[in-house]
Amino acid sequence: MAFKPFKLQGNMEHPSTVLEDLERFVVKDAPPTVYYIPDFITENEESHLLQQVYKATKTKWTQLSNRRLQNWGGLPHPKGMLGEKLPDWLQKYCDRISALGTFGGKTANHVLVNEYNPGEGIMPHEDGPLYHPTVTTISLGSHTVLDFYRPISAQLEDAPQTEESRYLLSLLVQRRSLLILQDDMYQRFLHGIQGTHQDCVTEKVANLSAAGSVPGALLTRGTRVSLTVRCVPKVTRANLLLGRK
Ligand SMILES: O=C(O)CCC(=O)C(=O)O
Ligand SMILES: [Fe+2]
């Protein structure tokens, strides 16, 4: 496939118009709603973003058992996030993604940077209620496969629910793509990434053709850095926390 960077002029004054433009990127074989936009950023932007991520001081990283992360914008909290100004290199992408109408006219103010080495992943989880129910992800450096699961249900039958039995579908997320999850794919289903070195592409990958792959393909993972761009609607200012006007 010829390399054609994604072009879509976002317009914050008419976010719904732009969401209509996004319709051609809807993944139809998945529950509502997944938008998968290949080549959302150029190769130059990808290397620039990776440079910025790796410029951060060592203390900016939090090492977890199966990945490491940087948190930008503040720590989301039920009582409100104490907002921190985003660096320009992240603000630019928050603005660009928000201009697509993804956050209902609001602007993203929070970015989680996750780094996964081959063999690393993230347990199935929900992103929860602290965010506007939309998650958008830019992938850098390598593809990954994101797996979706039905929630554990209160059941009357006796069959135990395994991760395998709850498995719904997968999305192949290529480097430089933008993934947008909303509605049931945000609110209802869980998502996770298996800690493997290679992905075998199956028919359960709902965005096969958009991601330029075929069933049976074997994809070797490199180090992937993801930028998870979200909007935390409830933000507090330091003064408010200190009881000042
Ligand atoms: O790296 C990804 O694409 C997923 C990250 C994720 O699920 C999260 O940060 O909540
Ligand atoms: Fe998540």
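Atoms within a ligand are numbered from 1 in the order they appear, just like the ligands themselves.
Side-chain contact check for R175 versus R224: every heavy-atom pair is 4.5 Å or farther apart. Proximity of L218 to C200: side-chain heavy atoms (C-beta onward) are separated by under 4.5 Å at one or more points. Between R166 and L190, the closest side-chain pair of non-hydrogen atoms falls below 4.5 Å. No side-chain heavy atom of L75 sits under 4.5 Å from any side-chain heavy atom of E84.
Between the side chains of D95 and Q91, at least one donor N or O lies within less than 3.5 Å of an accepting N or O.
With a 4.0 Å cut-off on non-hydrogen atoms, R67 does not touch ligand 1 at all. Here V135 has no heavy atoms under 4.0 Å from ligand 1, in either its backbone or its side chain.
Within ligand 1, the atoms closer than 4.0 Å to a non-hydrogen atom of L112 are 9 (O), numbered from 1 in the order shown. Near R230, meaning under 4.0 Å from any of its heavy atoms, are these atoms of ligand 1: 9 (O), 10 (O). Residue T137 approaches ligand 1 through these ligand atoms, each under 4.0 Å from one of its heavy atoms: 3 (O). Short contacts between ligand 1 and T228, defined as distances under 4.0 Å to a heavy atom of the residue, involve ligand atoms 5 (C), 9 (O). For ligand 1, the atoms closer than 4.0 angstrom to any heavy atom of H191 are 7 (O). For ligand 1, the atoms sitting less than 4.0 Å from at least one non-hydrogen atom of R224 are 1 (O), 2 (C), 3 (O), numbered in the order shown with element in parentheses.
Judged purely by atom type and a 3.5 angstrom limit, K60 uses its side chain to pair as donor or acceptor with the backbone of N71.
Among protein heavy atoms, atom 9 (O) of ligand 1 sits closest to N114 ND2, 3.2 Å. For atom 5 (C) of ligand 1, the closest non-hydrogen atom of the protein is Y116 OH, 3.4 Å. The nearest protein atom to atom 8 (C) of ligand 1, hydrogens excluded, is given as H125 NE2, 3.9 Å; this is a heavy-atom distance.
The aromatic rings of F103 and H132 stand perpendicular to each other, their planes meeting at an angle above 60°, with 30° marking the opposite boundary.
Between atom CZ of residue R150 and atom OH of residue Y167 there is a gap of 10.5 Å, rounded to the nearest 0.5 Å.
Considering backbone and side-chain atoms together, S226 places an N or O closer than 3.5 Å to an N or O of ligand 1.
Geometry at the Fe ion (ligand 2): NE2/H191 and NE2/H125 form an angle of 90°, nearest 10 degrees.
Nearest N, O or S atom of D127 to the Fe ion (ligand 2): atom OD1.
Ionic pairing of R68 and E115 is present here: one or more N-O contacts between side-chain nitrogen and carboxylate oxygen are shorter than 4.0 angstrom.
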